[in-house]
Amino acid sequence: ERVFLARVGRPEGQAPEGASAMLTLHDLTDLKRIERMRADFVANASHELRTPLAAVAGFIDTLRGPARDDEEARDRFLAIMAEQAQRMSRLIADLLSLSRIELNEHTAPSERVDLGRLLIGAAEALRPLAEARGMRVELSLDPGLAPMLGQPDELTQLFQNLIDNAIKYGRADSAITVSAAPAGPEDLPAAAAALKAGPVLRVAVRDQGDGIAREHLPRLTERFYRVDTAGSRRMGGTGLGLAIVKHIVNRHRGVMTIDSVVGQGSTFTVWLPAAGR
Ligand code: ADP
């Protein structure tokens, strides 16, 4: 259903006593859709923040009242409150990242980035988290990677979000592979055909996890979209990680493709234009 704004005016240059009027129609459909998405987003964000806040407020009441003298309960409740407060900080940090990246999305980043070094740093930062789950992070970097133009902090966040998901949704004791290599025009999937005009870098993050059913794939990068709300929330996710990833990829004029086999694992591949186009 399309939405129009109609304006009645006088055709330009026509004398006031002229009899004709001009009707202009402005198509507001896209504007309305964006407005609705914003309203949904604010509603979702408020709901996501309200849940942990309600838990904290509830425990404060309990600690002031019935559990006042129960030392064991107090420690347990304080631990839960700390966890909920952390969840709120994570949500706020992700919301801020998202709005910062969105603000800059229309300007192409221009710093020269050595993707190999950046990936080593991103993987190192998450290695302790992976090891805590008995997982290995394996890097396979092509030595001939061309430099690219980008924003290093955003690119680090992009790959850390993907590796973090691989750790959260991968099987304990399995391996995560991060690989980067130049991609020729014949390697590009249809979704990345627009990048054919120049050299392309391909970075893939592969996990051995439960995989994702096909019907979820198109919605995965939507804000707050989670495949299994209970399971994903238990992993402490905010549902914003892949939305942030998508915006960073867009800003770098790249494309992300997702391949997943239920029961085997998922591969998130990012195709990025290399410098020198
Ligand atoms: P979250 O913070 O919940 O992880 P994301 O935006 O990063 O949010 O991911 C959205 C959802 O996509 C997750 O809740 C999870 O259901 C699914 N998902 C993301 N990455 C993977 C993966 N590597 N394997 C399986 N499912 C995944």
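Since the model is a prediction, treat every value here as computed from it, not as a measurement. Whatever order the structure lists ligands and atoms in, that order sets their numbers, starting from 1. Below, all heavy atoms of this structure are taken into account, side chains as well, without hydrogens, waters or symmetry copies. Each residue takes its place number in the sequence, starting with 1.
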Lys/Arg-Asp/Glu bridge criterion (N-O < 4.0 Å) met for R136, E131: no
From D210, D207, N165, L240 - option closest to atom 23 (N) of ligand 1 by heavy atom: D207
Backbone or side-chain N or O of V227 under 3.5 Å from ligand 1 N or O: yes
Pair R223 + E102: basic N to acidic O under 4.0 Å: yes
Ligand 1 versus H216: contacting region, heavy-atom distance under 4.0 Å: neither
Close-contact set for ligand 1 against G241 heavy atoms, below 4.0 Å: 5 (P), 6 (O), 7 (O)
Proximal atoms of ligand 1 relative to K168 (non-hydrogen, under 4.0 Å): 1 (P), 2 (O), 4 (O)
Nitrogen or oxygen atoms of G211 and ligand 1 under 3.5 Å apart: no
Under 4.0 Å to a heavy atom of L220 - the qualifying atoms of ligand 1, by number: 12 (O)
Ion pair check, E138 and R127, cut-off under 4.0 Å: no
For S266, the ligand 1 atoms whose distance to one of its heavy atoms is below 4.0 Å: 24 (N)
Shared hydrophobic cluster for L149 and V270 (ILVMFWY, side-chain gaps under 4.5 Å): no
Under 3.5 Å: N/O of A243 near N/O of ligand 1: no
Verify same cluster id: V261, Y169 (apolar side-chain graph, 4.5 Å): no
Y225, any N or O under 3.5 Å of ligand 1 N or O: no
Any side-chain donor near an acceptor of the partner, S97 and Q157, under 3.5 Å: yes
N/O separation below 3.5 Å, G239 to ligand 1: yes
Side chain to side chain contact (heavy atoms under 4.5 Å, CB included), paired with T156, selected from L119, V113, L118: L118
Side-chain ion pair, E35 and R38, N-O less than 4.0 Å: no
